[in-house]
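Working notes, structure below.
Because the structure is a prediction, the values reported are computed rather than measured. No hydrogens, no waters, no symmetry mates; every other heavy atom, side chains included, goes into these values.
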Amino acid sequence: ESGITITKLSKRGIIEFTFQGQADVLQVHIFSVDDYTGEPIEGEEMKPQWFATDAIPYKEMWPDDIYWIPLFLAGKTFTGAFLFGPGDVVLEKQLQETVL
């Protein structure tokens with residue numbers, strides 16, 4: 001789907017997402033790709049783009065990304081939980097560095 005084959009990856013985080021008024025919990029496991037073959041391609045689920053770290057378009061992304069992506073980019077491992085309210089506003093957040 002992405003045009004690449006991952007040859008080495010590292011687990012970096014686990015985040016649980018809940019939405020106010022809904023019982024479902026979405027548990028997302030976050031990995032960094034340390035090595036791959038192939039070339040990224042655009043597909044139904046993604047449009048690969050590269051950004052400088054000081055130009056990441058957080059305003060165009062989910063509002064939780066601004067909290068955990070800096071930890072990811074700093075090479076940290078972490079766990080967390082976010083509760084979203086109407087309009088996908090972050091109502092509560094928990095985020096901590098941890099060993100996975």
For this session: Kindly give the heavy-atom pair with the smallest separation between Pro63 and Ile66, and that separation in Å.
Result: O-CG2, 3.6 Å
Problem set entry | Exam field: side chain Thr7 to backbone Asp35, donor-acceptor pair closer than 3.5 Å | yes
Seminar exercise, completed: In short, Asp34 meets Ser10 closest at the heavy-atom pair OD2-OG, 2.5 Å
Exercise. According to a 4.5 Å side-chain heavy-atom criterion applied to Ile, Leu, Val, Met, Phe, Trp and Tyr, with indirect links allowed, do Phe72 and Tyr36 form part of one hydrophobic cluster?
Worked result: no
Exercise. Around atom CD of Glu92, are there more than 12 heavy atoms of other residues, nucleotides or ligands at under 6.0 Å?
Worked result: no
For this session: Please answer whether the main-chain N or O of Lys76 pairs with a side-chain N or O of Arg12 as donor and acceptor at a distance below 3.5 Å.
Result: yes
Exercise. Leu95, Leu83: one ILVMFWY side-chain cluster at the under-4.5 Å cut-off?
Worked result: no
Exercise. So do Leu71 and Glu97 actually touch side chain to side chain, heavy atoms under 4.5 Å?
Worked result: yes
Exercise. Side chains of Asp24 and Phe19: closer than 4.5 Å at any heavy-atom pair?
Worked result: no
Exercise. Any idea which heavy atoms bring Gly85 and Gln20 closest together, and the distance?
Worked result: CA-OE1, 4.0 Å
Exercise. Hey, is CD on Glu1 packed in by over 12 heavy atoms from elsewhere, all under 6.0 Å?
Worked result: no
Problem set entry | Sidechain-backbone polar pair: Thr77 side chain, Thr98 backbone, donor-acceptor under 3.5 Å | yes
For this session: For atom CD of Gln96, decide whether the heavy atoms of other residues, nucleotides or ligands shown that lie under 6.0 angstrom number more than 12.
Result: yes
Problem set entry | Euclidean distance, Ile15 CD1 relative to Phe78 CZ, rounded to 0.5 Å | 5.0 Å
Problem set entry | Spacing of CD belonging to Glu42 relative to NZ belonging to Lys47, to within rounding of 0.5 Å | 5.5 Å
Exercise. Under 6.0 Å between ring centres, would you say that holds for Trp62 and Phe84?
Worked result: yes
For this session: Look at the side-chain heavy atoms of Ile, Leu, Val, Met, Phe, Trp and Tyr, link any pair under 4.5 Å apart, and say whether Phe17 and Ile69 land in one connected group.
Result: yes
Exercise. In terms of hydrophobic clustering (I, L, V, M, F, W, Y; side-chain heavy atoms under 4.5 Å; direct or indirect links), are Leu100 and Leu73 co-clustered?
Worked result: no
For this session: Please work out which of the three classes, parallel, tilted or perpendicular, describes the rings of His29 and Phe31, given edges at 30° and 60°.
Result: parallel
Exercise. Do Ile56 and Asp65 come close enough that some side-chain heavy atom pair is under 4.5 Å?
Worked result: no
For this session: Answer yes or no: are there more than 12 heavy-atom neighbours, outside Glu39 itself, under 6.0 Å from its atom CD?
Result: no
For this session: Check whether Val28 and Val90 end up in the same hydrophobic cluster, where Ile, Leu, Val, Met, Phe, Trp and Tyr are linked by side-chain heavy atoms less than 4.5 Å apart.
Result: yes
